[in-house]
Amino acid sequence: MKNRILTYIEEKKKKVDEALDRYLPGKNTFPRSIHKAMRYAIFSGGKRLRAILSIASAQACGGNMGDVMPSACAIEIIHAYSLIHDDLPAMDNDDYRRGKLSCHKKFGEAIAILTGDALLTLGFQLLAKGRDSETNILRIREITRAIGSTGMIGGQVVDMEEKGKNDTELAVLEYINTHKTGALIAASVKTGAIGTTADAKKMESIFRFGQYIGLAFQIVDDVIDNEGYARYFGVKGAMDEASSLTEEAKYEIRNFGKEADSLRGIADFILNRKI
Ligand code: GRG
């Protein structure tokens, strides 16, 4: 029998993919070139972990999947924009993403840049779509903090500037990981809790949970790609660190009930993932 968390992830991924399909303009919508590219970038095999984390976080705080779905999908769409731009020749210059041609290889550089821009814009359109305006604004505030120049983009800038050096300090590595990847993961968890009945204390705990698993996610990524933390500490050292961050994360939500079991399960899934 399939393990409970894998079933949860599979079911929620299906729901997220269905919602993304509804939210994205159809591939025949004019101008077709950009809408085809947007759909290509979104439906090319992402795990949807950030959206699933948002849903699990909402459920851990007494919320429901329907209310959080637009913002959960917005985060996946914003994540897809960051990957497209990260793959561009001016950045990582990657020909492949998720085992398929990267967006600029498939559609050309100009359309890829515009596809990233259009996805980022669509993300904010969706963040404004929820029923409650105050919740929408709080979520937008959280996401903008996570992805701007003091968040994901800041992490990307420092990462670019450190490329090719082999004496990157641990504090710099930590800055890159917490900002480039960790910030959006932590925001995925927090935006899931926004709009629920969670009080300030619960909100703080769940955000710290998100920060710990965000860093653990990037460390595991470094192990998979044999870079960053894995180069610095070796595979075992890096995995020990990811494992203790996962424990810290779960400790943060120790006072949550059974309704937070999916969040705990996803934390373990992130630690043990191989892709
Ligand atoms: C260019 C604005 C801009 C930002 C780039 C997020 C980022 C900043 C770059 C991505 C580079 C990268 C591959 C980082 C490693 C961690 C990471 C985000 C991996 C991909 O996330 P997954 O594994 O991807 O959740 P899927 O494909 O499952 O969606």
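In listed order, ligands and their atoms are each counted from 1.
- Protein heavy atom at the shortest distance from atom 17 (C) of ligand 1 is F217 CE2, 4.1 Å.
- Of all the listed residues (R48, K47, R50, M152), R50 holds the heavy atom that lies closest to atom 21 (O) of ligand 1.
- In this structure, the protein non-hydrogen atom closest to atom 6 (C) of ligand 1 is S82 OG, 3.5 Å.
- A salt bridge links E162 with K165: the closest approach of a Lys/Arg side-chain nitrogen to an acidic carboxylate oxygen falls below 4.0 angstrom.
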List the atom pairs, with distances to 0.1 Å, where a side-chain N or O of residues 182-194 and a protein N or O form a donor-acceptor pair under 3.5 Å, not counting sequence neighbours.
{"unit_1": "S188", "atom_1": "OG", "unit_2": "L184", "atom_2": "O", "d": "2.7"}
{"unit_1": "K190", "atom_1": "NZ", "unit_2": "E142", "atom_2": "OE1", "d": "3.4"}
{"unit_1": "T191", "atom_1": "OG1", "unit_2": "A187", "atom_2": "O", "d": "2.7"}
{"unit_1": "T191", "atom_1": "OG1", "unit_2": "S188", "atom_2": "O", "d": "3.2"}

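- The contact set between ligand 1 and G46, taken as ligand atoms under 4.0 Å from a residue heavy atom, comprises 26 (P), 27 (O), 28 (O), 29 (O).
- Of all protein heavy atoms, the one lying nearest to atom 11 (C) of ligand 1 is D86 OD2, 3.1 Å.
- The side-chain heavy atoms of L49 and K13, taken from C-beta on, include no pair separated by under 4.5 Å.
- Geometric assessment of K12 against the ring of Y8 yields a positive cation-pi assignment under the 6.0 Å and 45° thresholds.
- Looking at I185, I147, D221 and measuring to atom 19 (C) of ligand 1, the nearest heavy atom belongs to D221.
- Per-residue contacts place R97 under 4.0 angstrom from the following atoms of ligand 1 (heavy atoms of the residue considered): 13 (C).
- Separating the CG atom in D87 from the CZ atom in R97 is a distance of 4.0 Å, to the nearest 0.5 Å.
- Under a 3.5 Å cut-off, the side chain of R273 and the backbone N or O of F217 do form a donor-acceptor pair.
- Under a 4.0 Å heavy-atom criterion, L49 is not in contact with ligand 1.
- Within a 6.0 Å radius of NZ in K236, other residues, nucleotides and ligands contribute 12 heavy atoms or fewer.
- Of all the atoms in ligand 1, the ones that sit under 4.0 Å from a non-hydrogen atom of Y81 are 2 (C).
- Compare Q218, K180, R98 by their heavy atoms: the one nearest to atom 12 (C) of ligand 1 is in K180.
- When hydrogens are left out, the protein atom nearest atom 8 (C) of ligand 1 is Q156 OE1, 3.4 Å; that is the closest non-hydrogen contact.
- A salt bridge is absent between E18 and R22; no separation between the charged side-chain nitrogens and carboxylate oxygens falls under 4.0 Å.
- H179 and Y175 have parallel rings, their planes meeting at less than 30° on a 0 to 90° scale where 60° marks the start of perpendicular.
- Close contacts of ligand 1 with L83, meaning ligand atoms under 4.0 Å from a residue heavy atom, involve 10 (C).
- Looking only at protein heavy atoms, the nearest one to atom 20 (C) of ligand 1 is H79 CE1, 4.0 Å.
- The shortest N or O to N or O distance between E76 and ligand 1 is not below 3.5 Å.
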